[in-house]
Structures are given as C-alpha cells and as structure tokens.
Amino acid sequence: MSAQVSESVLQARNITQKIEGVELLSDITLDIQPGEVVALIGPNGSGKTTLLKTLSGEQQPGNGSVRFHNQCLQDWSKKELAQHMAVLPQKSVLNFPFTSSEVVALSRTPHDSGKEIDAKIVAEVLDYLDAGYLAERLYTNLSGGEQQRVQLARVLAQVWNEVEYPRLLILDEPSSFFDLSHQQMLVDLVRGLAKKNIAVLVVLHDINLAMSCADRVAVLSCGRLAAFGETEAVITTEMLESVFSVRAKFLFDPETGCRFLSMTGAVASSKDLAGLS
Amino acid sequence: MILREIRLPRVLLSALVGAVLAMSGAVLQGLFRNPLADPSLIGVSAGASVGASAAILLGLNWLSVWGLGGLSVVALGAFVGGFLAVLLVYQLSTGPQGTSVTTMLLVGIAISGLAGAANSLMSILADNEMLRRMSLWQMGNLDLANWSRIKICLPMLLGFLLLLRGQAGNLNAFLLGESEARHLGIEVDVVKRRLILLTALGVGVCTALVGAIAFVGLIVPHLVRLLSGPDHRTLIPASGLMGAMLLVLADLFSRILIAPAELPVGVITAFLGVPFFVFLLRHQRGKLL
C-alpha cells in the first residue's frame, strides 16, 4: 500500500498502439480518479475500443505505460486485477443455456467470498438493474436489451463488494440496446456507483447521455486525444463540429437547469464542396 | 474364470473409455464455446487412425511389445499419430496473439481431411486382410480388453479427474468468451494449453486402446446439459458417468445382437445414440441453443 493521499485509480502515460504499421492510438495520456465517471466519446473507428483494451490490460501498449493503483498493469496478478477492475465488452456472445443469475454469478470467479455472499450479491445487483424478474430465465431466450442488462449486472457484481483499493468499472457502449427508461437507469446507476467509490470509464455515443452522467469527458479523434477535461468545458459546439462533423445547438431547460444538445445538421466535408463547384 | 478374465475387464474398459471420451467432449465443447465440438475436431481421431493404419500396413502388428503393458504396435501407432496430429493443429493455430480457437477448429478440419486422404492412400496399398483390419479398427472394438489395458486406463482416468477438478470454474467463465474470461482473472492461454493437452492425451490413449468410437464425446455432454444445465461443475462428472454407462450398454448390445459374432461397438453407439439425440433435440428445442 502506498501512502499517497490522492492517488489515481488508473493512469495512462503516452500510450501508442500500432497494428501492422498503422497507428491506432498515439500519445494518449489520461487518468481516472477514485469514484469519478469519465465518458469516452469519439466517432466510429477513432480508437475507443483499442484504448479500452489497452487500459484494461487486454493489449499491451506499444509505447507508454498504464498504471493501476500506481502499479504497472502487467505486474498485477490476473486474479487480483479482476477483483478490482471489471470490463464489459461491446458485444458478448453466450450460446449456452445458463440462467441469468448463473451468468451473473460467473462474475464471482475471481473472489473467494463463498456461496452465500455471492448469491446475495447476485440477487442484489439484479434487483438494482431492474432485472430481478429475469433471474431464473434462460439467458439465451432473452431480448438484446435484457441480455445487455444481465451482462451489465455481471460486471457490476464483480466489483460490488468493498476491497482494499477503490475499484474501476470499464463499460464499452453499455446502453446500445437499452430503451429510454433503461438509459435513464444507466445514468442513475453510474452516478450511484461513484458514491460506492467505484470509478467508471464508459464509452457512449449519445452525447446527451454523456453530459448527464460524466464528471469528465475524453474525446478521441483519429487515435488522438482531442480533448480531456470537465464535461462542460469539453463538450462545445466547436468540438462537435471539428471532431464529429455535426452542427449542434445547446438548449437550456429553465425548469431543471439542464443543458442539452440538439443536432442541427451535418457539416459538409471539403470533398463534397469540391464536388459541387 | 471367464467372468474375471474376459467379461470384467471388458466392462471396466468400456466404462473407463466411455467416461474419458465423454468428459473430453464436455471440456472441448466448453473450450471452443461450441456445442458441436467433439474430440475428433482437434485431429486426435484422424491422426490416430493414420497411425494405426500405418502400423497395420507396415505389418508391425505381428511384433508384440508386451514390455509396454500389453499394448500392440497398432495401439502405439494410433497413440503417436493422434498426439502428433493434435500438436500440429495446436502449433498451426498458435500465433503471437495466442491460440485462436476458431483457427484451431478450421485447422483441425484441414488436418482431418489430410489424414483421411492418407488413410485412403494406405487402404489402396493394403491387401485384403490389412484392409479388413484397418476398417475394423476404425469402427472401434473392445474385445481386446484385458487387465493390462485396465492398468493403463485406470490411473489415466484418475489423473484426468484430478487435473480437471479445478478447471470447471474456468470453463464456465470461458463460455462467456475469451476476453471476458481474461477479465475474470483467468490465465486464458495457460488454461487453454493445459486443457487441450489433457484431452488430447485422454482421447489419444482411449483411441489407441479400443479404436475410434464416435459420438460418445459429442452426444453425452449434450444429454447431460439438457438434464442439468451447462454448469461444468456438474457437467463434467455427470458426463463421465453417463459416458461410462452408454459405452457399457453399447458394448453389451454389440455382443448379444448377432451372437456369437460381434458388432463393432462404434456402430452401436451411433445407432443407439443418434436417434435418442435427435429425439431429445426435437423435444427440447429452444432450450439447447
């Protein structure tokens, strides 16, 4: 245990990732603080998933370093790391007829907490995600959104109990199949996790969703970190125009005090303009 | 006397071989996350039959090597062939990124095809007597059971059980996907290598002892899954039990159906297992996949 007072959960320095000479990530430096929600946004193919794989230790960085609780990722034992960090991939395929609660219970593999505690955590987490009614149903018979909720419950159960260090949850597009009410549930969930001292790094495509749940936002564009900072400061119409090529307008709801975005059109690219003239 | 020296070893050998084949099938289906995988997919059976055919063709079966626990040269050839095939499949599908199970599946099919061609070639070169021996071997038979074979098989089964005991949880996590298993704290590549070698060894020895017995490794884990779900902590031991029962039963039929002659047991497992399997599939559809 280090004696440092405010220590990042995760710290990435100058990460570069290349595959067959093509640079997928270049010189990315970011950090995640305990209990903080960081949203990762960026256009398709900007390197979000590659970055998540590097930050979670699935891929070694070509250059640079990733430190989890001030210790190099490679130096963590796999089991110990899994007790502190859970990762929800974009898409999981499970073809075997487990029940939902059996799927969620698999998350307890790295823990030695015993059957009773595990069963309690599984039930708690399923209820928390409004999926208690799915517990005894076969995973293979569920709808896409229900399966996604069960998988979310699985990674949540993995970091549910208090351990020595603050925990980290990495979610790659967790809401892609969610209906409106469950998107809202995700916002509340992620905010609630911060209070349990679980930091969250989440890839989102819906900028409004990102604005309502993130403390800080990281923007990836063509493998580079275009911006990283407080949500309000990062999400600007200029950024959306330069990174996402969309024109947008902020609307303000005086009743709730919320800002939200309205897209007004695509920015014509220079190629299209050349074609017109 | 007949009971102790002929019947008992034969029943025991059937049970042991059935158990190992069925458990190997359960493990491989979990490892490949594919309910259609079976031990033949990683090339064991094909390699073993090439090894056995080669031994028959070269006339090596007339030499007996009793020093090796009563194993004939044909059995040794089968074991070596099966093991080499798996090593080849494993090597070819392992790159700097680790072992890809998808590639392994495809390479397994390719190597099996190659082995099939080699077998055909050898059957052209063989005379009638050799040909008959080759095809009998490929259908599997248990009439060579004796105590020295049990002595090889029993410790192997015990070792198999011991080494598999700790792997059920890992296999459950594997069903979620490899990267998911990795994030659950499992040393994926280590576990994969261990399980592949373990099943190759198990199936290799079985095939060497009794020839190729089809369907046990494919069907039994399915039957168990339909009865008690996909959890490997129950699936593996239950598959072992059911595999043992199925093969003992099949062997019994093979001896009495056209007595005093014998049917090859591989024929019985197919005739017995497949209709039952299809029946279950039709009646439990939706629960299996």
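What you are looking at is a predicted structure, and each value in this text was computed from that prediction instead of being measured. Proteins come first, then strands; the chains are lettered A, B, ... in the order of their sequence lines, and each starts at number 1.
Under 4.0 Å is where a charged nitrogen must lie from a carboxylate oxygen, and between B:Lys192 and B:Asp189 at least one such pair does. Salt-bridge annotation for A:Asp31 and A:Arg216: present, with a side-chain N of the basic residue lying under 4.0 Å from a carboxylate O of the acidic one.
The shortest non-hydrogen separation linking B:Ala85 to B:Ile111 is CB-CG2, 4.4 Å. Scanning both residues, A:Met85 and A:Gln158, for their nearest heavy atoms gives O-NE2, 3.4 Å.
Of the two parts of A:Arg154, only the side chain, counted from C-beta on, holds a non-hydrogen atom closer than 4.5 Å to a non-hydrogen atom of chain B. In this structure, chain B has no heavy atom under 4.5 Å from any part of A:Glu80. Using a 4.5 Å cut-off between heavy atoms, A:Leu106 touches chain B through backbone and side chain atoms alike. Looking at A:Val155, there are no atoms closer than 4.5 Å to chain B (heavy atoms on both sides), in backbone or side chain.
The candidate with the highest count of non-hydrogen atom pairs below 4.5 Å against chain A, out of B:Ala173, B:Gly169, B:Ser179, is B:Ser179. Residue with the most contacts toward chain A among B:Gly185, B:Gly30, B:Gly177: B:Gly185 (heavy-atom pairs, distance under 4.5 Å).
The 12-atom threshold is not exceeded at CZ of B:Phe253, counting heavy atoms of other residues, nucleotides or ligands nearer than 6.0 Å.
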